[in-house]
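Count residues from 1 along the sequence.
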Amino acid sequence: MLVIRAVKTTDLDALIDMARQAGSGMTTLKPDRKMLGDRVETAVASFSESIPPEKRDYMFVLEHTEDGSIAGVCAIKGAVGLTEPFYNYRIGTLVHCSRELNVFTRMETLYLSNDLTGSSELCSLFLLPQYRAGFNGKWLSKSRFLFIAQFQHLFTEKIIAEMRGFQAEDGTSPFYEGLGRHFFKMDFDHVDGLTALGKKSFIAELMPRQPLYVDYLPASAREVIGKVHTSTQPARKLLEREGMHYEGYVDIFDAGPVLQGRVSELRAVRDSVLATAEEGTAGGAQEDETEHLLVSNTRLTDFRMILTRGVPGAGRIALTAQELSQLRVQAGDEVRTLPLNTRKNANA
């Protein structure tokens, strides 16, 4: 059985192995023991509420309970940019007009921006290839929204997700090769690694502050602005169905889109409900009445979540003895539920 739970310090080795498989472009998941070790410690302190909400970094793992192995990871940062700069490019427009020559032009520009500073961030989503089947990926990603719905007071109203940008088959980033390399004079992986370690001062030191004209970039770079990595396309669609959208901000290295949303408008906040857990099965309900549901306990210090079947929106939910044990709740305790899929007519 699989369960999503709060990360523990004993998960570090598994996370390092997972980070090695994630490849380049995932700034928040690098196979660096010091960086990941510090992050896990911050996560443990976050769940225990021993650090301020804006410094928290909630990491979750997908655990295979039969052998304790880790199948996936995801995370939510309480706020970005408050202890170190958080940069993006904002796509803007400049207009040039000459009445005498009857010329009117609109030029897209890239502005180096700190506009998203202070936002809560969804990040670090990765699932091992052998587990990319069934509902595992969808469940892992959406688990963060149910956590936010339960603990809304811990997050800012704006939530963002930086999506991994497009890469060529050889692993290079056309956007970085067309722009960033001219300023940083180093490979994409090196720059990405420095950023992951929190060494971001070089961005302000080396990148121009004035707007950059998009038309000055090579076609290969222009064409990938706002595009995601091939393997990230399903994740983008999923987030958009949950209430997030693209508003013209992109990553400064690979030009991957930054999705934004308002916590109060997320599907999980609107549609999740608190229910009373009962020991039993959903056998009493008609098959067409039940759906796959995300079910979590309501404790921050030992947050856990499972995927089961039940009646969406019901005030009571039947869980087997094993499911109750996985959630570490008892019959009569309160749990939070959310349908795995959006409305059927939304093609979720």
Side-chain angles (χ1 to χ4, degrees), residues 25-28 54 76-97 104-123 155-167 173-184 188 191-192 194-196 198-229 232-233 235-236 239-240 242-263 265-266:
M26 287 197 69
T27 305
T28 60
E54 66 272 12
I76 318 169
K77 291 189 176 183
V80 296
L82 299 184
T83 58
E84 59 187 25
F86 187 77
Y87 295 100
N88 294 107
Y89 275 133
R90 173 171 54 85
I91 300 175
T93 302
L94 284 178
V95 173
H96 300 274
C97 178
F104 181 92
T105 60
R106 296 177 58 177
M107 307 287 288
E108 273 199 345
T109 55
L110 297 173
Y111 290 85
L112 193 62
S113 161
N114 304 115
D115 292 353
L116 302 180
T117 295
S119 304
S120 296
E121 182 189 21
L122 304 176
C123 59
F155 301 98
T156 61
E157 178 58 14
K158 179 179 286 187
I159 187 165
I160 64 171
E162 287 190 305
M163 310 303 291
R164 192 175 183 183
F166 181 85
Q167 291 183 354
S173 166
F175 182 80
Y176 180 79
E177 295 301 322
L179 177 59
R181 183 178 288 278
H182 295 293
F183 296 99
F184 299 125
F188 174 79
V191 170
D192 194 50
L194 290 174
T195 305
K199 299 177 180 180
K200 298 183 179 180
S201 60
F202 71 92
I203 297 175
E205 293 167 351
L206 299 178
M207 290 297 287
R209 282 287 179 174
Q210 62 271 28
L212 300 173
Y213 284 90
V214 171
D215 281 351
Y216 286 180
L217 301 179
S220 58
R222 295 197 305 268
E223 291 168 357
V224 300
I225 294 175
K227 289 184 63 177
V228 296
H229 192 282
T232 308
Q233 188 62 42
R236 176 178 183 171
L239 293 181
E240 290 173 336
E242 292 299 314
M244 303 190 71
H245 46 274
Y246 174 55
E247 292 191 7
Y249 288 85
V250 298
D251 181 81
I252 65 170
F253 297 127
D254 62 18
V258 181
L259 301 187
Q260 300 182 52
R262 296 178 67 85
V263 167
E265 297 174 357
L266 296 175

(request) Could you check Phe166 against His229 for side chain to side chain contact (heavy atoms under 4.5 Å, CB included), going step by step and ending with a plain yes or no? (result) CA-CA 4 Å; Phe166 181 85; His229 192 282; 5.9 Å; no

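- The line from CD of Glu121 to CD1 of Ile76 is 11.0 Å long, rounded to the nearest 0.5 Å.
- Relative orientation of the Tyr176 and Phe184 rings is parallel, given thresholds of 30° and 60° on the angle between their planes.
- For the pair Tyr111 and Gly92, the tightest heavy-atom approach, listed with the atom from each and the gap, is CE1-CA, 4.0 Å.
- In this structure, the separation between OG1 on Thr232 and NZ on Lys227 is 12.5 Å, given to the nearest 0.5 Å.
- Residues Ile91 and Tyr249 fail the side-chain proximity criterion, which asks for heavy atoms closer than 4.5 Å.
- In this structure, Ser220 and Pro174 approach most closely via the heavy-atom pair O-CB, 3.5 Å.
- To the nearest 0.5 Å, atoms OH (Tyr213) and CD (Glu108) are separated by 12.5 Å.
- Inter-residue side-chain proximity for Phe188 and Gln167 is flagged as met; some heavy-atom pair is nearer than 4.5 Å.
- Across all non-hydrogen atoms, the minimal contact from Ala79 to Gly118 is CB-O, 3.7 Å.
- To the nearest 0.5 angstrom, Ile160 atom CD1 is 11.5 Å from Glu247 atom CD.
- To the nearest 0.5 Å, atom CE of residue Met107 and atom OH of residue Tyr216 are 6.0 Å apart.
- Residues Thr156 and Ser119 bring no donor and acceptor atom of their side chains to less than 3.5 Å of each other.
- Using a 4.5 Å heavy-atom cutoff, the side chains of Arg236 and Tyr246 are in contact.
- In this structure, Ser113 contributes its side chain and Tyr89 its backbone to no donor-acceptor pair below 3.5 Å.
- Considering all non-hydrogen atoms of both residues, Ala221 and Gly178 come closest at CB-CA, 4.2 Å.
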(request) With side chain to side chain contact (heavy atoms under 4.5 Å, CB included) as the test, would you mind laying out the steps for Leu112 and Ile252 before giving the verdict? (result) CA-CA 8 Å; Leu112 193 62; Ile252 65 170; 3.8 Å; yes

(request) Go through Leu266 and Met244 one step at a time and tell me if the side chain to side chain contact (heavy atoms under 4.5 Å, CB included) criterion holds. (result) CA-CA 8 Å; Leu266 296 175; Met244 303 190 71; 4.2 Å; yes

(request) Kindly determine whether Val250 and Asn88 satisfy side chain to side chain contact (heavy atoms under 4.5 Å, CB included), including the steps that lead there. (result) CA-CA 6 Å; Val250 298; Asn88 294 107; over 6 Å; no

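- For Thr109 against Thr93, the heavy-atom pair with the smallest separation is OG1-N, 3.8 Å.
- Judged purely by atom type and a 3.5 angstrom limit, Arg222 uses its side chain to pair as donor or acceptor with the backbone of Leu217.
- The environment of Phe183 atom CZ is dense: over 12 non-hydrogen atoms of other residues, nucleotides or ligands sit within 6.0 angstrom.
- The NE2 atom of His245 lies 14.0 Å from the CD atom of Glu242; values are rounded to the nearest 0.5 Å.
- With Met163 as the fixed residue, the side-chain contact (heavy atoms from CB on, under 4.5 Å) test singles out one of Leu259, Asp254, Leu122, Asp251: Leu259.
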